[in-house]
Amino acid sequence: MITLHIDTARSWRGGQSQVLHTVLGLREQGHRAALVAHPQGELARRAAEGTDVYRLAPAHEVDFGAAFRLARVLKDVQPAVVHAHDPHAVSFAAMALSLMGRAPRPALVAARRVDFHLKRNAFSRWKYSLVDAMIASSEAIRGIVITDGFPAERVITVHEGIDVDRVAAQPPIDLHKELWLPGGSPIVGNVAALVPHKGQRYLIDAAALVFRERPDVQFLVFGEGELRKPLQYQIRHLGLERHVQLVGFRTDVLSCVRGFDVFVLSSVTEGLGTSLLDAMALARPVVATTAGGIPEVAEDGVTGLLVPPQHGGPLAEAILALLADPPRRRQMGEAGLARVRARFTARRMVEETMIVYERVAGRPHASDTASPPPSS
């Protein structure tokens, strides 16, 4: 089967990792999987060694010039399925499909990796009317899009997956030496973009509470984003400069996670949480919120501890409980690795995605009778 994958992001986050896993996994199975990615994006750079990479992205959500260029790519590749991996990619693909004229139109599959509601404006309703199937990365997301009016029979849950063996094989980094931390100090770490829905403000609140009982603990936050300055101010305001570091983006972050004593995901909303999968594959015990699809990944009391979102107190209590019990941490880490191996591999994700492609490729598509996009 020939498929075309579209991702418009310039940054590298969990979604882009899933796109690359999908493309490479399909190619390993002998399928042609072409990729349309942002010209200056990290995804295009990481996929550059392969063939079938088209460096193209819209300047904004309704970019007809870019859509015309994408329509030419579609006519060149002639995919059976177009997989749009983010909301702007759905817009991009929908407009290109509407510009293809009498040419055979591929099926359109949309990925949904965020637990946000679908927009209700005319353009959003139009573009999703062209979608033949939506792949939700968690049951939580599936429930949201069905509530928003997308046909339930066309929403399929495919949990995200990772290359467990590759992640588990990452060499450790001595974070105490690398980041000049006090020798022997326990490390609590977070890996996520510095954006509101990742909830690092609550993790910093928790750090202040943990520090009262365990002044030896160090908190490390890996990632970049719009909230760097507000979070730095919060750290200074709470007097935590020597105990909480915003480390930034690192390409060797998996090796860094191996050095954590506890991994924390403090999200307010979360589709599934691929950084959580990575941490579990590295046999790290986790503390996470119950937001979105997180409870579908982490098992409370088995692979870690789950707490309500948007509260520093429960986060602090869970962190302190695990720091005080090294045998329990080891047991939870081993259970997390076993769970990821059993349920969240990239191979399983690709196989289930391929089933969706086969389901939609042979039937009439919504795009065959689509009207032009609304003018506003």
Side-chain angles (χ1 to χ4, degrees), residues 11-18 20-21 42 46 160-181 184-195 198-200 203-204 206-207 210 217-225 231 243-267 270 272-289 294 297-299 302-306 315 318-319 322-323 326 328-341 344-346:
S11 60
W12 180 264
R13 296 184 184 175
Q16 288 65 56
S17 175
Q18 291 302 299
L20 192 58
H21 279 315
E42 182 68 13
R46 297 194 187 199
E160 295 177 336
I162 61 172
D163 185 340
V164 180
D165 290 334
R166 183 188 69 82
V167 173
Q170 295 302 304
I173 286 179
D174 186 343
L175 291 174
H176 292 87
K177 181 178 179 180
E178 180 88 6
L179 300 175
W180 297 84
L181 304 179
S185 57
I187 297 175
V188 175
N190 166 268
V191 178
L194 307 185
V195 293
K198 293 297 185 179
Q200 285 95 348
L203 176 58
I204 295 171
V210 170
V217 178
Q218 296 289 316
F219 285 77
L220 303 178
V221 177
F222 290 81
E224 281 295 348
L231 293 175
H243 302 278
V244 181
Q245 288 190 45
L246 302 183
V247 182
F249 178 84
R250 288 183 58 140
T251 57
D252 61 351
V253 69
L254 293 176
S255 292
C256 296
V257 172
R258 186 176 285 283
F260 295 176
D261 292 286
V262 177
F263 178 90
V264 180
L265 192 61
S266 52
S267 300
E270 189 68 59
L272 188 75
T274 53
S275 64
L276 189 61
L277 295 177
D278 288 336
M280 291 165 64
L282 290 164
R284 300 299 89 193
V286 303
V287 170
T289 68
I294 290 175
V297 176
E299 189 174 358
V302 178
T303 65
L305 299 177
L306 300 184
L315 276 174
I319 291 167
L322 292 188
L323 289 177
R328 190 183 188 195
R329 294 204 306 270
R330 287 192 294 273
Q331 184 177 27
M332 286 181 164
E334 292 169 0
L337 174 56
R339 185 173 174 84
V340 173
R341 285 195 185 280
F344 297 99
T345 64

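Residues Ile294 and Leu272 have side chains not in contact (no heavy-atom distance under 4.5 Å, counting atoms from C-beta outward). Counting only heavy atoms from C-beta outward, the side chains of Phe344 and Val297 approach each other to under 4.5 Å. You'll find the side chain of Val302 stays beyond 4.5 Å of the side chain of Met332, heavy atoms only. Counting only heavy atoms from C-beta outward, the side chains of Val262 and Phe260 never approach each other to under 4.5 Å. Side-chain atoms of Pro285 and Thr303, non-hydrogen and from C-beta on, never get closer than 4.5 Å to each other. Two residues are said to be in side-chain contact when any heavy atoms from C-beta on lie closer than 4.5 Å; Leu220 and Val244 fail this criterion. When side chains are defined from C-beta on, Leu282 counts as touching Arg258, because their heavy atoms get closer than 4.5 Å. A 4.5 Å side-chain heavy-atom check between Leu323 and Val217 finds at least one atom pair inside the cut-off.
Side-chain N or O atoms of Ser255 include none that pairs as donor or acceptor with a backbone N or O of Ile173 at under 3.5 Å. Side chain of Thr289 to main chain of Ser267: a donor-acceptor pair is present (N/O by atom type, distance under 3.5 Å, no hydrogens or angles). Judged purely by atom type and a 3.5 angstrom limit, Asn190 has no side-chain atom pairing as donor or acceptor with the backbone of Leu265. Panel note: side chain Gln18, backbone Gly161; a donor-acceptor pair is recorded below 3.5 Å. Distance alone, capped at 3.5 Å, places no donor-acceptor pair between the Arg46 side chain and the Leu20 backbone.
Residues Leu306 and Ala298 come closest through the heavy atom pair CD1-O, 3.7 Å. Shown here for Arg250 and Cys256, the closest heavy-atom pair between the two residues is NE-SG, 3.8 Å. For the pair Val164 and Ala281, the tightest heavy-atom approach, listed with the atom from each and the gap, is CG1-CB, 4.2 Å. Scanning all heavy atoms of the two residues, the minimum distance from Ser266 to Leu315 falls at CB-CD1, 4.0 Å. Scanning both residues, Val257 and Arg284, for their nearest heavy atoms gives O-CD, 3.4 Å. Nearest heavy atom pair, residue Gly14 against residue Thr274, reads CA-OG1, 3.3 Å.
Tested against Phe263 for a side chain to side chain contact (heavy atoms under 4.5 Å, CB included), the candidates Ile187, Val286, Asp278 yield a single pass: Val286.
Rounded to the nearest 0.5 angstrom, Asp261 CG and Ile319 CD1 are separated by 11.5 Å. The CD atom of Gln16 sits 5.0 Å away from atom OG of Ser11, with the distance rounded to the nearest 0.5 Å.
Checked against side-chain hydrogen bond (donor to acceptor under 3.5 Å, both in side chains), Ser185 has the following partners two or more places apart in sequence or in another chain: His176. Arg339 meets the salt bridge (Lys or Arg N to Asp or Glu O under 4.0 Å) test with Glu299; sequence neighbours excluded. For Gln331, the side-chain contact (heavy atoms from CB on, under 4.5 Å) criterion is met by no residue, not counting sequence neighbours. Taking the side-chain contact (heavy atoms from CB on, under 4.5 Å) definition, one finds that Pro326 meets it with Arg329, Arg330, sequence neighbours left out. Under the rule for a side-chain contact (heavy atoms from CB on, under 4.5 Å), the partners of Asp163 that lie at least two apart in sequence or sit in another chain are His21, Asp165, Arg166. In this structure Val195 satisfies the side-chain contact (heavy atoms from CB on, under 4.5 Å) test together with Arg13, Ala193, His197, Lys198, Glu226, sequence neighbours excluded.
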(message) Using side-chain contact (heavy atoms from CB on, under 4.5 Å), reason through Val210 and Val188 one step at a time and then give a plain yes or no.
(response) CA-CA 10 Å; Val210 170; Val188 175; over 6 Å; no
(Q) Under the criterion side-chain contact (heavy atoms from CB on, under 4.5 Å), I'd like the reasoning laid out for Met280 against Leu337: C-alpha separation, chi angles, the key distance, then a yes or no. (A) CA-CA 5 Å; Met280 291 165 64; Leu337 174 56; over 6 Å; no
Let me see the working for Leu175 and Trp180 under side-chain contact (heavy atoms from CB on, under 4.5 Å), right down to the final yes or no. CA-CA 8 Å; Leu175 291 174; Trp180 297 84; over 6 Å; no
Problem - Worked verdict on Phe219 versus Gln245 for side-chain contact (heavy atoms from CB on, under 4.5 Å) - result: CA-CA 6 Å; Phe219 285 77; Gln245 288 190 45; over 6 Å; no
